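Computed from a predicted model, the values in this text were never measured in an experiment.
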Amino acid sequence: MKPAILPLLLATALVAPAAEFSCAITSSKGEPVADAVVSLVPLDVSAPPVPATAQVEIAQQGQEFSTYVTVVQAGTKVVFPNHDTVQHHVYSLSKPKKFELPLYNPGQAESLVFDIAGLVTIGCNIHDWMISHLVVVPTPWFAKTDAQGAGTITAPAGRYRLEIWHPRGATIAKEITLKDDTASRETSVLTLKPDRRVRRALGAKSTGY
Amino acid sequence: MLLLAGLIALVQVSVYLLVTRANESNARKHVEQNLQIGAKIFRQNLSERIDFLAGSAKVMSADAAIKPLLMQDPIDGDTLRSVLLSYTDRVKAPVITIFSPEGDLQAMTDEVLGKENVGPFGYLIRQAGENDMEQASGYSYLGGKLHVLVVVPLYAPYPNVGAWFGLAYPIDTAFANAIKNTTLLDVTFTSNPDEPNVRVLSTTLNPPMAEAVARHTATREASLGSELLSLGGEPYVTLFESLDLLGEAPARIALQRSLTAELAPARELERIVLYISLAALAAATLAALWIARGVSQPLQQLAQHTKLVAAGDYTQRIELPREDELGQLATAFNQMTAGLAERDRVRNLLGMVVSPEIATQLLQSDLKLGGEEREVTIFFCDLRDFTSFSEKMPPTEVLTLLNRYLDRMSGIIEQHGGVIDKFIGDAIMALFGAPVAMPAAANSAVAAAREMARALEILNAELRAEGKPALAFGIGINTARVVAGNMGSKTRLNYTVIGDGVNLASRLEGLTKEPAYATPIIVSEATLAAISPRPTARALGEVKVKGKSDAVRIFALSAKGETTPPYSV
């Protein structure tokens with residue numbers, strides 16, 4: 001890429017009218033699906049790089065991860081602060097990133113950069129019920145559905161591969177085209193597997209003793 | 001028939017009762033066996049639970065993740081507890097504790113159970129530590145509730161013990177229900193029977209029934225084994241077993257099976273048998289009644305007809321159109337009635353045709369030709385000049401008059417025991433002493449003759465009053481040995497007498513026509529000799545009888561006993 005063209009391209013990207021893409025995701029039972037990851041991977045141009053300052057936090061608090069699903073662009077730095085009262089041992093054996101942050105005390109924070117796109121499932125070695133999903137995508141255009149199952153992405157016009165992912169095992173990939181100043185709407189139905197998260201043991205608090 | 005039905009009923013009732021008793025006894029035995037098996041399954045279950053807990057605890061104790069925590073000084077109790085909580089899901093034991101190698105409690109999953117409540121774990125830790133055991137287990141109360149406890153060491157590495165894990169699983173209602181699911185038995189755990197108030201620790205029964213078991217346990221003292229308990233009005237076969245506790249008096253296990261529930265299928269069968277029996281009995285009774293009606297009704301009909309026949313009514317016939325024996329009986333009965341009617345008719349007719357005595361003789365004896373010789377007084381009576389008399393009158397009038405005369409005369413003869421042998425026109429032949437022998441036959445014959453003479457006077461008085469001519473008769477009487485019997489052909493015969501004596505009697509009657517004799521009654525010497533006392537008689541001399549060489553002396557008897565003329569009649 002020639003240096004003379006770069007500012008022009010950037011200018012084009014910045015001033016180019018953007019298209020708004022919104023999607024609504026429901027389960028096969030018709031209920032809205034939250035925590036679904038929606039991303040648009042450009043097909044004709046390469047995605048812009050992630051800013052060097054980009055940083056996301058997945059904290060431990062109350063013996064849980066602060067977010068169940070987190071989406072980041074590849075190259076983003078993720079911080080794992082321990083805001084809890086007990087120690088934690090954060091780790092993952094997922095393909096894009098295998099790591100462990102051995103027992104560290106409340107108040108401490110560890111951080112890692114996730115370069116490779118893919119799904120990283122994060123757990124705590126000593127608390128089986130602590131699970132968090134970090135979805136690393138190769139694009140800055142992504143969203144996570146809210147409680148109403150809705151997500152919105154603003155991206156330039158062009159051809160994209162729409163990818164939808166959910167922790168309970170449903171994935172959709174299809175090609176879409178965004179046009180300038182035209183709002184696109186996508187409605188997807190996901191067939192989810194049963195929720196098999198480890199239940200947190202809260203300790204015997206029975207009053208019968 | 002009804003007796004038979006009753007018998008069947010008796011048999012059925014007996015069988016039913018026997019089956020019921022056998023069922024109950026079998027059910028009791030079956031339940032007791034089941035309880036023994038249930039007790040074994042229960043202990044097996046506990047043993048498996050212990051093995052599972054111990055196995056889980058060993059895997060847990062080898063988990064690397066917890067070791068860095070144990071390396072820290074001081075121990076981070078909160079983090080340690082959070083780790084144990086994480087383990088509860090892995091090993092499915094609700095209570096997990098961790099102790100220092102010295103046996104001090106470092107963390108436990110249960111917030112409520114205090115340090116003072118984990119004594120039983122300490123007991124097991126000491127046991128395992130002293131004996132270098134890979135696991136130790138037992139039963140105990142934790143916070144007053146019955147638990148199965150397991151202790152395993154965390155080797156760091158073997159033989160150094162870095163910590164002790166203690167796991168506990170409650171023997172609670174869920175556990176009792178799990179046993180019930182596999183054994184179909186009710187189970188109740190109670191505290192030691194020597195406690196002042198025996199507590200129900202866990203049970204599959206409802207609370208009042210479980211309390212009843214607990215109370216009963218207290219009264220049973222230390223005795224174990226099975227017995228029949230009444231719980232909530234239902235009989236329960238109950239097996240009591242002991243459960244040893246760590247350092248405490250043993251608890252009690254009561255395994256129960258409702259006898260009613262066990263008997264339910266048998267009861268169902270019994271009920272079906274009862275219904276079938278009752279139905280069969282009803283059917284048998286109906287059939288018996290139906291058959292009895294089919295038999296008794298014709299029998300009653302026959303009895304009714306028998307009474308009628310006995311009373312002399314032969315006109316009734318039984319209508320019984322049946323093919324069976326009763327039908328045949330009815331037909332035979334009808335034939336018998338017809339036969340009786342016929343016989344009666346014949347007898348009546350015979351009585352008219354012959355004298356009743358002869359008729360009786362005929363009916364009693366076999367009708368055979370031939371006779372017997374016997375002494376008979378033969379009596380002949382003939383009307384004087386009846387031939388000329390009859391010529392002056394129309395025949396019907398003659399017959400009427402004759403019958404009128406004969407009727408009276410024969411009546412008198414019969415009154416005196418005479419038997420009319422036959423009517424010969426206007427003449428009467430009668431026998432005294434045949435066919436039935438009679439004493440003083442000659443007396444009777446003479447008495448009859450005299451009464452006939454008196455009767456004739458009365459008849460003549462009537463005839464004169466009617467303007468008709470008077471009648472006169474002559475009587476001859478002879479007594480002789482003659483042959484008496486049935487004479488004639490095989491198909492037609494008469495009872496009569498034959499012999500010279502008969503001819504003489506007839507001859508004597510004929511002699512009364514002689515004016516010289518001037519008497520209506522002539523008797524032979526034999527007759528006169530037979531009369532006792534000998535009456536006054538007028539000797540008439542001797543007559544020669546045809547075919548006889550000897551002459552016979554004859555005598556006249558007056559009609560009214562007079563000895564000199566004029567004689568009456």
A.B. asks: Under the salt bridge (charged side-chain N to carboxylate O under 4.0 Å, His left out) rule, what pairs show up with a residue in residues 49-58 of chain B, not counting sequence neighbours?
C.D. replies: B:K58-B:E134

A.B. asks: Decide if atom NZ of A:K144 counts as having more than 12 heavy atoms of other residues, nucleotides or ligands within a radius under 6.0 Å.
C.D. replies: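 It does: A:K144 NZ has more than 12 such atoms within range.
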
A.B. asks: Please determine whether the number of non-hydrogen atoms from other residues, nucleotides or ligands lying under 6.0 Å from atom OH of B:Y123 exceeds 12.
C.D. replies: no

A.B. asks: What part of A:H89 gets within 4.5 angstrom of chain B, counting heavy atoms only: side chain, backbone, both, or neither?
C.D. replies: neither

A.B. asks: For residues A:I126 and B:T79, determine if any side-chain heavy atom of one lies less than 4.5 Å from a side-chain heavy atom of the other.
C.D. replies: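 Side-chain contact under 4.5 Å: yes.
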
A.B. asks: Does atom CG (B:D104) have a neighbourhood of more than 12 heavy atoms from anything else shown, all under 6.0 Å?
C.D. replies: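 Above 12, so yes.
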
A.B. asks: For residues 63-75 of chain B, give me every residue with a non-hydrogen atom less than 4.5 Å from any non-hydrogen atom of chain A.
C.D. replies: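 Under the 4.5 Å heavy-atom cut-off, B:A65, B:P68, B:L69, B:Q72 qualify.
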
A.B. asks: Might you point out which heavy atoms bring A:V86 and B:S82 nearest each other, and give the distance in Å?
C.D. replies: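 Smallest interatomic distance, heavy atoms only, reads CG2-OG, 4.2 Å.
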
A.B. asks: Atom CG in B:D76, atom CG in A:L103: separation rounded to 0.5 Å?
C.D. replies: 9.0 Å

